[in-house]
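Okay, so here's the structure we're looking at.
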2 protein chains.
Amino acid sequence: MEISSELENLKSCPAQFVLAINDTLNVISGKWKLPIIGSLLYGKKRFRELERGIPKISPRMLSKELKDLEANGIVKRTVYDSIPVIVEYELTISGESLHQVLEPMIEWGLQHRKNVIGK
Amino acid sequence: MEISSELENLKSCPAQFVLAINDTLNVISGKWKLPIIGSLLYGKKRFRELERGIPKISPRMLSKELKDLEANGIVKRTVYDSIPVIVEYELTISGESLHQVLEPMIEWGLQHRKNVIGK
DNA sequence: AAATATACTATACATTAGTATACTGGTTAC
DNA sequence: GTAACCAGTATACTAATGTATAGTATATTT
């Protein structure tokens, strides 16, 4: 049986696909993850640089979200034992490859805004 | 000046892009939106069909999320004044076009799972 | 007459996410 | 010596999200 005719008989999106999408969603959803990833897309940054670059974020949230992103393998944290200590954050390969997810989201978002005129 | 060299000087993702991504995120994030969209990707469905197809969802959540998706122009609700009343839900054009967003998310999610071995 | 189905809504509660404000300990500039 | 910078942490709170359970009105089945 062909894939196309198998798909026609499907009643919903396969569960392993939903899982994969949720993995991706968990990485980018929340109020601050996107601004942080967006700040790091163009190069490494220090904690205070990120804080200054992201309006209204509190150090608590920045710290929490960076830990989250680090735990999920999106961000790499490097501590230089200079005096004073310097901490740099940068995207991992996985983190950088998020652009392949973000670009279609930008396109869809812009198009959807046009479709739903006046929004 | 070329686009590439302009991008090199950027310190973060442009704001209108972040907005567009957030529009997209709002449409697909939440615990139940994806299962609902996934159920509708392969054709129209009635309320109880969706309820039966999505394990553990409560009618309250299903109703709420369907209203949300309808308000956002993702789902179309049709009431047939038969007896008993039949209500059908289906994806709009915008809703169907979400596959262009979901596919890269599936790919990224699967790849990321491979990268972060043992997760 | 009782049970079941459809398409929901209502109320109350629990959990998660995010905010506000202050503080730490070390270092450097004035 | 005190004010400011760095990289955060601590505590308490509010808001948003989701759950649990029950109930509505209508109609069909047994």
Side-chain angles (χ1 to χ4, degrees), chain A residues 11 18-19 21-40 43-72 74-90, chain B residues 11 18-19 21-40 43-72 74-90:
Chain A
K11 297 244 167 95
V18 173
L19 282 177
I21 298 172
N22 273 324
D23 282 357
T24 310
L25 271 179
N26 286 337
V27 155
I28 57 180
S29 65
K31 187 170 176 184
W32 299 110
K33 296 234 176 67
L34 217 53
I36 292 170
I37 292 168
S39 292
L40 293 174
K44 29 178 87 166
K45 294 237 169 65
R46 295 171 64 179
F47 190 90
R48 297 278 330 198
E49 260 183 292
L50 287 166
E51 201 181 342
R52 275 191 302 267
I54 301 170
K56 308 237 175 186
I57 197 170
S58 66
R60 182 191 192 274
M61 273 296 123
L62 180 55
S63 169
K64 189 188 152 293
E65 297 294 64
L66 283 170
K67 271 181 193 162
D68 231 71
L69 290 166
E70 200 192 347
N72 278 311
I74 307 302
V75 158
K76 192 183 164 222
R77 179 176 183 267
T78 312
V79 182
Y80 299 93
D81 57 349
S82 54
I83 293 175
V85 68
I86 286 176
V87 181
E88 271 185 349
Y89 294 90
E90 65 190 303
Chain B
K11 296 244 168 97
V18 173
L19 283 177
I21 298 172
N22 274 324
D23 282 357
T24 310
L25 271 180
N26 286 338
V27 156
I28 57 179
S29 65
K31 188 170 176 184
W32 300 110
K33 296 234 177 65
L34 217 52
I36 293 170
I37 292 168
S39 293
L40 294 174
K44 30 177 87 163
K45 292 239 170 65
R46 296 172 62 181
F47 191 89
R48 297 274 331 191
E49 260 183 294
L50 287 166
E51 202 182 341
R52 275 193 300 268
I54 301 169
K56 307 237 176 187
I57 196 168
S58 67
R60 182 192 192 274
M61 274 297 122
L62 181 54
S63 168
K64 191 188 152 292
E65 297 295 62
L66 282 170
K67 271 181 193 160
D68 230 72
L69 290 166
E70 201 192 346
N72 278 311
I74 306 303
V75 159
K76 192 184 163 224
R77 180 178 183 265
T78 312
V79 182
Y80 299 93
D81 58 349
S82 55
I83 292 173
V85 69
I86 285 176
V87 182
E88 273 185 349
Y89 296 91
E90 64 190 304

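Chain letters run A, B, ... following the sequence lines, proteins first, then strands; residues in each count from 1.
- We find that CD1 of B:Ile83 is positioned 17 Å from C1' of D:dT29, with the value rounded to whole Å.
- If you check residues 48-67 of chain A against DNA chain C, the residues with a heavy atom closer than 4.0 Å are A:Arg60, A:Met61, listed by number.
- Atom C1' of nucleotide C:dA7 and atom OH of B:Tyr80 are separated by 16 Å, given to the nearest angstrom.
- Counting heavy atoms from C-beta on, the side chains of A:Ser39 and A:Ile54 come closer than 4.5 Å.
- As a whole-Å value, the separation of A:Arg46 CZ from C:dT27 C1' is 12 Å.
- Listed nucleotides C:dA7, C:dT19, D:dT19 differ in distance to B:Trp32; the shortest reach to its side chain belongs to D:dT19.
- Which of D:dG18, D:dG8, D:dT28 sits closest to the side chain of A:Phe47 comes down to D:dG8.
- Residue B:Lys45 contributes atom NZ, which lies 17 Å from atom C1' of C:dT6 at whole-angstrom precision.
- Using a 4.5 Å cut-off on side-chain heavy atoms (C-beta onward), A:Glu90 and A:Leu40 make no contact.
- Rounding to the nearest 0.5 Å places CG of A:Leu66 at 10.5 Å from CD of A:Glu51.
- Residue order along DNA chain C, read from the 5' end via each residue's closest nucleotide, puts B:Ile86 first among A:Gly30 and B:Ile86.
- Between D:dG8 and A:Tyr89, a contact under 4.0 Å exists linking OP1 or OP2 to a side-chain N or O.
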Side-chain donor-acceptor distances from residues 26-34 of chain B under 3.5 Å, at least two apart:
residue	atom	partner	partner atom	Å
B:Asn26	ND2	B:Asn22	O	3.3
B:Ser29	OG	B:Leu25	O	2.9
B:Lys33	NZ	B:Ser29	O	3.2

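- Looking at heavy atoms from C-beta onward, A:Tyr89 lies in side-chain contact with A:Val75 at the 4.5 angstrom threshold.
- Using a cut-off of 4.0 Å between Lys/Arg side-chain N and Asp/Glu carboxylate O, B:Glu49 and B:Arg46 are scored as not salt-bridged.
- Ion pair B:Lys67/B:Glu70 not flagged as a salt bridge, since none of the NZ, NE, NH1 or NH2 atoms sits closer than 4.0 Å to an Asp/Glu carboxylate oxygen.
- Protein atom CG of B:Asp81 is 19 Å distant from nucleotide atom P of C:dT6, rounded to whole Å.
- Counting only heavy atoms from C-beta on, A:Val87 has its side chain closest to D:dG8 among D:dG18, D:dG8, D:dT28.
- Nucleotide C:dA17 holds its P atom 15 Å from the CG atom of B:Leu25, rounded to whole Å.
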